[in-house]
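Worth knowing before you read on, the calculation uses all heavy atoms, side chains too, and leaves out hydrogens, waters and symmetry mates. If you're wondering where the values come from, they're calculated on a predicted model, not measured in any experiment.
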Amino acid sequence: MANPGYGKRSALDQRPRTPQDFALLPTRERYVAGFIDHLPEGAAMSVKQLAKQLPLYGQQAVSTALTALSVAGHLRRVRCPVSAGEEMRWVFRTFWSRSARDNEWWTTYLATETATQAAGPEPEAATPPPPWVPDEEPPPAPEEDPGPEQGSESAAVPQQRTPDQAPDAEPAPPAPGTAPAAPQAPEAGPSTAYLALARLGRNDHRLALSADDCAALEAQAAEWLARGVSVVYLTSALTAGLPAKVDSPVGLLRRRLTDKMPPRLPTEDTAPDSTAPTARRVLMECTDCGRPGPPEALPDGLCRPCREAHGRGSAQVPDHPTEAADIKARMNNIRDLLRTV
């Protein structure tokens, strides 16, 4: 059949298998149901795959039998979204129940988390290594003390020598009673706000600042960045609409940093309109035509057009013999008229 994980899923509360299973179904439906019931978990249950395995019936007969089994309450076909990395794809499952279930039971079961987990992808099993890959070598046994006979052999093996260290290269041990010196932290560089202020004079000579001016305005610029704005936004707000001549760049920038302070936006965790991620839900589809829909909108596993067609097919009455005779007489009359022309 197909690869595991893309087909049959057994429902909960399955009773033990007995010879009297599906005894109330017609011959064809009983034959197909018995074959599906013995399929392994995850086997493909499409019409094409089942018709390949059933020698007595073709695809049309298998499709009709699956529709009848869905109406009888033995199976439901669903689809479920599964995330594969950055993509989302739909996988199709067929839930099977040895016991006939009503619509309320199927609707309740498909809405549970158990059905959602069963419809999801199976965890990838660790694939065994190919037979030509050697097994993992066992850890080496602990070396035993060489005996008198092995002493000469071990002495003949040259030992790896480490380079000799100069005596003055070894660190002197700390004196007793003195605490070890704490490691010195590397000197931190200028902050992002300081660098943004220092680059203003490089971009526009009217806003040239000294080192003391940048240090004096660093706290206000850091407050801007702490409120979620970028360095580009900060630079644009400070350099927009400058006068032709700036007498005091530090005074102008201090005023703009104070007057144009951006609002503090709430974080994503405290956003009032943030909604929890929606839970994945199993979506049922029509057993006959594959039209998707919620379980409550597909009673017996069929959509409305397929359910009406299934009801009409079981109650069709052959044409009356007199109607067939009237049609034959009318056709003969039409032929006679065409001969005379």
Throw together a table of side-chain donor-acceptor distances under 3.5 angstrom for residues 193-203, partners on residues two or more places apart or in other chains.
| unit_1 | atom_1 | unit_2 | atom_2 | d |
| --- | --- | --- | --- | --- |
| Asn203 | ND2 | Arg199 | O | 3.3 |

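Arg76 places no side-chain N or O within donor-acceptor distance of the main-chain N or O of Trp96, the cut-off being under 3.5 Å. One N or O on the side chain of Arg30 and one on the backbone of Leu25 form a donor-acceptor pair closer than 3.5 Å. A donor-acceptor pair is defined here as one N or O able to donate and one able to accept, closer than 3.5 Å; no such pair exists between the side chain of Thr94 and the backbone of Arg77. Not a single donor-acceptor pair under 3.5 Å links the side chain of Ser63 to the backbone N or O of Gln59. A donor-acceptor contact shorter than 3.5 Å links the side chain of Lys8 to the backbone of Ile36. Remark: side-chain polar atoms of Asp204 are paired, donor with acceptor, to backbone N or O of Arg206 under 3.5 angstrom. Although no hydrogens or angles enter the test, the distance criterion places a donor-acceptor pair under 3.5 Å between the side chain of Asp21 and the main chain of Thr18. One N or O on the side chain of Glu41 and one on the backbone of Ser10 form a donor-acceptor pair closer than 3.5 Å. Side chain of Arg227 to main chain of Pro262: a donor-acceptor pair is present (N/O by atom type, distance under 3.5 Å, no hydrogens or angles).
The closest side-chain heavy-atom distance from Phe35 to Val32 is not below 4.5 Å. Leu234 places a side-chain heavy atom less than 4.5 Å from the side chain of Leu257. A heavy-atom distance below 4.5 Å is found between the side chains of Pro305 and Arg291.
The minimum heavy-atom distance between Ala100 and His74, with the atom names listed, is N-CE1, 3.7 Å. Residue Lys260 comes nearest to Ala237 through the heavy atom pair NZ-O, 3.4 Å, listed as atom of the first residue, atom of the second, then distance. Looking at every heavy atom in both residues, Leu238 comes nearest to Arg256 through O-NH1, 3.0 Å. Heavy-atom minimum distance, Tyr31 versus Pro55: OH-CD, 3.7 Å. Closest approach of Trp106 to Ser97, counting heavy atoms only: CZ2-CB, 3.8 Å. Of all heavy-atom pairs between Met284 and Gly301, the closest is SD-CA, 4.2 Å.
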List the steps and the verdict of side-chain contact (heavy atoms from CB on, under 4.5 Å) for Leu207 and Leu252. CA-CA 9 Å; Leu207 297 179; Leu252 175 65; 4.1 Å; yes
How far apart are the C-alpha atoms of Arg17 and Asp37, what are their side-chain angles, what is the distance that settles it, and do they pass the salt bridge (charged side-chain N to carboxylate O under 4.0 Å, His left out) test? CA-CA 9 Å; Arg17 188 179 289 112; Asp37 189 55; 2.8 Å; yes
Show your reasoning for whether side-chain hydrogen bond (donor to acceptor under 3.5 Å, both in side chains) applies to Asn332 and Arg335. CA-CA 5 Å; Asn332 292 333; Arg335 293 192 188 97; 2.9 Å; yes
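Put simply, CZ on Phe92 and CZ on Arg79 are 4.5 Å apart, with the number rounded to the nearest 0.5 Å. Taking CG of Leu12 as the reference point, atom CZ of Phe95 lies at 9.0 Å (rounded to 0.5 Å). Asn103 CG to Glu296 CD: the interatomic distance, rounded to the nearest 0.5 Å, is 11.0 Å.
Each side-chain hydrogen bond (donor to acceptor under 3.5 Å, both in side chains) pair with one or both residues in residues 236-255, not counting sequence neighbours, appears once here: Arg255-Asp259.
A continuous path of ILVMFWY side-chain contacts below 4.5 Å connects Tyr109 to Val78, so both sit in one hydrophobic cluster. Each of Leu75 and Leu302 belongs to its own hydrophobic cluster when Ile, Leu, Val, Met, Phe, Trp and Tyr are linked at side-chain heavy-atom distances under 4.5 angstrom. Hydrophobic cluster membership is shared by Phe22 and Leu56, with clusters built from Ile, Leu, Val, Met, Phe, Trp and Tyr side chains linked at under 4.5 angstrom. Under a hydrophobic-cluster definition in which Ile, Leu, Val, Met, Phe, Trp and Tyr are linked whenever side-chain heavy atoms come within less than 4.5 Å, directly or via other members, Leu298 and Val71 are assigned to different clusters.
The number of heavy atoms from other shown groups lying within 6.0 Å of CD1 (Ile334) is above 12.
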